[in-house]
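Below is one structure, written out as structure tokens; comments come after it.
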There are 2 protein chains.
Amino acid sequence: MTEGATQPATRATLEDVARAAGVSLATVDRVVNRREGVRAKTVARVEAAVAKLGYRADLAAARLARGQTFRFAFVLPTGSNSFMTNLTEQVARTADWLAGHRGFIDIHHVDVFDPDVLAGALENLSPAYQGVAVIALDHPRVRAAIDELVARGVAVVTLVSDAPSSSRVHYVGIDNPAAGRTAATLMGRFLAGREGTVAVIAGSLSLRDHTERQFGFHQILSSEYANLSALPVIEGRDDSNRTRELTAALLARHADLRGIYCCGAGNRGIADALEASGRAREVVWITHELTEHTRRFLVRGTLDAIINQDAGHEARSAARVLLAHCSGEPISPDQERIRIDIFLRDNLP
Amino acid sequence: MTEGATQPATRATLEDVARAAGVSLATVDRVVNRREGVRAKTVARVEAAVAKLGYRADLAAARLARGQTFRFAFVLPTGSNSFMTNLTEQVARTADWLAGHRGFIDIHHVDVFDPDVLAGALENLSPAYQGVAVIALDHPRVRAAIDELVARGVAVVTLVSDAPSSSRVHYVGIDNPAAGRTAATLMGRFLAGREGTVAVIAGSLSLRDHTERQFGFHQILSSEYANLSALPVIEGRDDSNRTRELTAALLARHADLRGIYCCGAGNRGIADALEASGRAREVVWITHELTEHTRRFLVRGTLDAIINQDAGHEARSAARVLLAHCSGEPISPDQERIRIDIFLRDNLP
DNA sequence: CAATTTTTGAGGTACGCAACACAAAATCTG
DNA sequence: CAGATTTTGTGTTGCGTACCTCAAAAATTG
């Protein structure tokens, strides 16, 4: 049977509310926009009418009337790897979407790995921005720069990499320790009791996200998989040539190497070394970020799993959060939570 | 250095375009809304001005001026399991959001497992709806009902369960065969070479999504994991009591049972039986849908992995697709693709 | 060149709300 | 009860676009 919760066919306007409450439009306006000078009794009457008619402000009309426009700056790394390239493109697409909603995004490219350069860029941002999204570094100067922006009334969200001790209003990105733990569980279960060593390759241990991932990874590996022992973390600087050599050396030195967890970039180097060694099939390799390269390695079977964060979601979420913050609307945490995606060969998008 | 792609501080309006092109507002309107009666030469001039100024219609203003409102019907199952309850809630939340964008959602509860009832419900839907989202059944009568709606100019999207041979404009849901393959790969890898049998429990094989999942599961299991042999599929009718008994019987009969893949509901019964048998730790159990129950089983270690589809995403996506379709806007396939989530204990949201 | 058709311009209204000014009414104060 | 104060009503304008009418201008035709 089709028993539906049928709603009124047409939306109630402010005028309808005014009529229903027996007050004027101005009073309703005062109530819904929480302005002063209305008796509590009247407020109650208006709110009752709002509830009764199910009045909801027409966001389109409200934004039009307010006539506000928003300018946001996205501070992203220069050059860089496939993930960052993709993120930049997703931000550009988001900008395109925002343009239809009275919002503008400027993309600023900065060397985000240098705290001074990054902090300087944040300090010199035009005061025209109501919001800033930045791939942060958890460094005192950067933190100070963020805090100053926030103090100036600018909404700041950190993107992909957080600065938790700063006063940013929101972090858009994954829980990195949890991502590391996820990788460790996959590694442990895929190796199912076999004994041997596992290597961890990070970009740089001065990057908070890489550190957190390897922390989570070690945590689970050591507590749950006694059969596996982790080798000291190697820093590959997110560079393929360097990771190629490091991986080749690893494979040569450790005959009992069972797994590689790469919590940064430089995957092409790892793939080359693994495939050259002839041990690609037996060594379980888990890495981060779905790119055209890692996709290929996964399909080919060299790579066993990808832990991913969806750059498109991150870009859109950052824009939504900034927009909501600037226009005083609430955000739904559910929708803005960035998930830790696991990709196997079978569930690739 | 902060070299940014700085955009104009304020958006260009139709008037700006008119001025730049040296024509009147009416002409610009004719061009941007593709009305007739404008010389090709003039069209080109206006379009050049649009491009030069980077004009983008203000969606808020456009929608306001058009004054259209949209009514959508969501046809969901009556009563039912945790997943459907959650989906219903997410649809309600989406309705709340849509209300701010001149859209209304009515939720109709129907026994979607009965093709005649479902088809009847679709046939009797009020003609006031511009769009319908339905958890479909791939059955001739249902297909015909969908086709008729589409023929009447109603946008129809299938939700969670598809009717691919119908003329629905979009399917919002996961790739079920791929989900089954994903489960099989996890099963195969978690069992890592051990020999034995694997059971598959479906709700009903007349449900397309369940069939597709078990198809994908068997496909990978038989081709890649010769060490594991699948038992005949069991139909648990998504009922916990029934699955409890069936699982208990399975465990009693098959000492070499290594894994259980449940591609439907009834998980509480499986958990009970597994835990009662004392073999919860050694048997790899993989199931679908993250609910409060499956979350608990996963954390406890009884359950090894959850294949999930995000009900919130699905609800929002369906609404966005319907809205876009009705207002002639394009959709971005990227954003509307529903992912096959894998949840381990470590990456639970 | 006149008559006809096509193209363009000018101008208006409406959408629902925000924001403001000012007057009128109600309430409170001394 | 007069005066001061608070609360409410009336009215206006503008946001950027859609859509409409009617007239003016330009191009095309016979």
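Hydrogens, waters and symmetry mates play no part in the numbers below; they use all other heavy atoms, side chains included. We name chains A, B, ... by the order of the sequence lines, and we start the count at 1 in each one. As the structure is a computational prediction, the values presented were derived from the model and not from experiment.
Within 4.0 Å of B/Ala60, counting heavy atoms only, lies no atom of the nucleic acid at all. Within 4.0 Å of A/Arg45, counting heavy atoms only, lies no atom of the nucleic acid at all. Nucleic acid contact for A/Leu64: base, since at least one base atom lies under 4.0 Å from a heavy atom of the residue.
Rounded to whole angstrom, the span from the CD atom of A/Glu36 across to the C1' atom of D/dT6 amounts to 12 Å. B/Arg102 places its CZ atom 12 Å from the C1' atom of D/dT17, with the value rounded to the nearest Å. Across the protein-nucleic acid pair, A/Arg39 atom CZ and D/dT5 atom P stand 18 Å apart, rounded to whole Å. Distance NZ (A/Lys41) to P (C/dA26): 11 Å, rounded to an integer number of Å. What separates CD of A/Glu15 from C1' of D/dT10 is a distance of 12 Å, to the nearest Å. Look at CG on B/Asp16: it is 13 Å from C1' on D/dC15, rounded to the nearest Å. Rounded to an integer number of Å, the gap from CZ of B/Arg66 to P of C/dG16 is 15 Å. Rounded to whole Å, atom P of D/dG16 lies 16 Å from atom NE2 of A/His101.
Residue pairs meeting the salt bridge (charged side-chain N to carboxylate O under 4.0 Å, His left out) criterion with at least one member in residues 149-162 of chain B, sequence neighbours excluded, are B/Asp162-B/Arg168. Listed by first and then second residue, the salt bridge (charged side-chain N to carboxylate O under 4.0 Å, His left out) pairs involving residues 125-134 of chain A amount to none (not counting sequence neighbours). Contacts classified as side-chain hydrogen bond (donor to acceptor under 3.5 Å, both in side chains) and involving residues 44-62 of chain A (residues at least two apart or in different chains) are given here: A/Arg56-B/Asp96, A/Asp58-B/Arg102. Annotation: salt bridge (charged side-chain N to carboxylate O under 4.0 Å, His left out) contacts involving residues 119-129 of chain A, sequence neighbours excluded, comprise A/Glu123-A/Arg141.
Residue B/Arg63 places no side-chain N or O under 4.0 Å from the OP1 or OP2 atom of C/dG16.
Ring to ring, B/Tyr129 and B/His108 are close: their centroids are under 6.0 angstrom apart.
Residues A/Arg35 and A/Ala61 both approach DNA chain C. Their nearest nucleotides, taken by heavy-atom distance, put A/Ala61 toward the 5′ side.
For the segment residues 17-34 of chain A, residues with any heavy atom less than 4.0 angstrom from an atom of DNA chain C are, sorted by number, A/Asp29, A/Asn33.
Side-chain contact between B/Glu314 and B/Val160 is present, with at least one heavy-atom pair separated by less than 4.5 Å.
By the side chain to side chain contact (heavy atoms under 4.5 Å, CB included) test, A/His170 pairs with A/Val157, A/Val172, A/Val321, A/Ile331, A/Glu336, sequence neighbours left out.
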